[in-house]
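Everything below concerns the one structure shown next.
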2 protein chains.
Amino acid sequence: MSDVYRALSDPTRRTIIRLLRQRDRSAGELADHFPVTKPTMSKHFTVLKEADLIRGRRTGTTIIYSLNVSVLEDALCGLLDVFRITPKSKPTKEES
Amino acid sequence: MSDVYRALSDPTRRTIIRLLRQRDRSAGELADHFPVTKPTMSKHFTVLKEADLIRGRRTGTTIIYSLNVSVLEDALCGLLDVFRITPKSKPTKEES
DNA sequence: ACTATAGTTAGCCAAATGGCTAATTATCCT
DNA sequence: AGGATAATTAGCCATTTGGCTAACTATAGT
C-alpha cells in the first residue's frame with residue numbers, strides 16, 4: 001500500500017497515470033510523451049506495477065499498459081480518509 | 001504545488017499530518033510519536049512547511065505546529081481532479 | 001549572568017531515486 | 001536461420017533523501 005504513495009510522488013508517473021486514464025497505451029506510445037529514454041520509462045512502469053496501479057499485457061512485440069482504476073480510486077479515497085477530508089459533501093461528523 | 005506530493009510521500013510526514021488533524025501540537029510532542037531524533041523531525045517540519053501544509057508559531061521556548069487544512073484539502077482534491085476520480089458521488093460525465 | 005529547556009542549523013553518511021548506455025529477451029517476418 | 005522491432009534487464013552515475021551527532025539560537029527562571 002505504501003508503494004502507492006511512492007508511485008504517485010513522481011511527476012512522470014503521475015502523467016503516465018493520467019494518460020492511461022484516457023485509454024490503454026503501449027510502452028512506446030507512453031514513452032513518446034516524455035523526454036527520457038525507454039529504459040527509464042521501463043523503470044517507471046515497474047514502480048507503477050509494484051504498486052499494482054497498472055498492468056501490462058503483451059500483444060506481439062508490444063506491451064499494452066492499462067490502468068488499474070479500482071486500485072487508484074482506493075488509494076486516493078484512502079488518502080482522503082486518512083486525513084478525514086470530505087471533498088465536496090457535507091462537513092464531517094468530527095473525527096475521533 | 002509539487003512540494004505537496006513530496007511532503008505526502010513520506011510515512012512519518014503523513015502521520016504528522018494525521019496528528020495535527022486532531023489538534024495543534026508542539027514540535028517535541030510530535031517528536032515523541034516517532035523513533036527518530038529531534039533534528040530529523042525538524043527536517044520533516046521544514047519539508048511540510050515548504051509545502052505550506054503546516055505552520056509553526058513560537059510560544060516561549062516551544063514551537064506549536066498547526067495544520068493548514070485548506071492547503072491539504074486543495075492538494076488532495078486537486079489530486080482527485082487530476083485523475084478524474086469521483087470519491088462517493090455519481091459516476092463522472094466521462095472525461096475529455 | 002548562568003543554567004536549563006526546546007528547537008533548529010550544520011555537516012556528515014548510507015541508501016534510494018531517476019537518469020543514461022549497452023546488452024538481453026521476445027516476437028514477428030522473410 | 002537471420003534480421004528488424006519493441007521492450008526489458010544489467011550496470012553505472014549523480015542527486016536526493018532520511019537518518020545521525022554536534023553545535024548553535026532562543027527563551028525562561030533563578
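Proteins come first, then strands; the chains are lettered A, B, ... in the order of their sequence lines, and each starts at number 1. Keep in mind that this is a model prediction, so the values were computed, not measured.
- Considering only side-chain N and O atoms, A:T37 lies under 4.0 angstrom from the phosphate OP1 or OP2 of C:dC20.
- Under 4.0 angstrom from either OP1 or OP2 of D:dT8 there lies at least one side-chain N or O belonging to A:Y65.
- The side chain of B:S42 places no N or O atom within less than 4.0 Å of a non-bridging phosphate oxygen (OP1 or OP2) of C:dT9.
- The CE-P distance, from B:M41 to C:dT9, rounds to 15 Å in whole Å.
- Looking at which nucleotide of DNA chain C each of A:P39 and B:K49 is closest to, the 5′-most match is held by B:K49.
- Across C:dG19, C:dT9, C:dA6, the shortest atom-to-atom separation from the side chain of B:T46 is found for C:dT9.
- Of the possible donor and acceptor atoms, none in the side chain of A:R25 sits under 3.5 Å from a partner among the backbone N and O of A:L30.
- The side chain of B:T40 contributes no N or O atom lying less than 4.0 Å from OP1 or OP2 of D:dG19.
- Residue B:R58 places none of its side-chain N or O atoms closer than 4.0 Å to OP1 or OP2 of C:dT8.
- Across every non-hydrogen atom of B:L67 and B:L53, the tightest pair is CD1-O, 3.3 Å.
- Across all their heavy atoms, B:L48 and B:A7 have their closest contact at CD2-CB, 4.0 Å.
- Atom-to-atom, CZ of B:R6 to C1' of D:dT15 comes out at 12 Å; the value is rounded to the nearest Å.
- Counting to the nearest Å, the C1' atom of C:dA16 and the CZ atom of A:R13 are 12 Å from each other.
- The side chain of B:S26 approaches C:dG7 more closely than any other nucleotide in the set C:dA6, C:dC28, C:dG7.
- Between the NZ atom of B:K43 and the C1' atom of D:dC20 there is a distance of 9 Å, given to the nearest Å.
- Across the protein-nucleic acid pair, A:K38 atom NZ and C:dT25 atom P stand 18 Å apart, rounded to whole Å.
- For the pair B:H44 and D:dT17, the criterion of a side-chain N or O lying under 4.0 Å from OP1 or OP2 is not met.
- Remark: P of D:dA7 and CG of A:L48 are 16 Å apart, rounded to the nearest angstrom.
- Between the B:D24 side chain and the B:I64 main chain, no donor and acceptor come within less than 3.5 Å of each other.
- Computed from coordinates, the A:R57 CZ to C:dT27 P distance equals 16 Å when rounded to whole Å.
- Not one N or O on the side chain of A:S42 forms a donor-acceptor pair closer than 3.5 Å with the backbone of A:P39.
- Taking 4.0 angstrom as the limit, B:T61 places none of its side-chain polar atoms (N or O) nearer than this to OP1 or OP2 of D:dA28.
- As rounded to whole Å, 14 Å separates atom C1' of C:dT17 from atom CG of A:D3.
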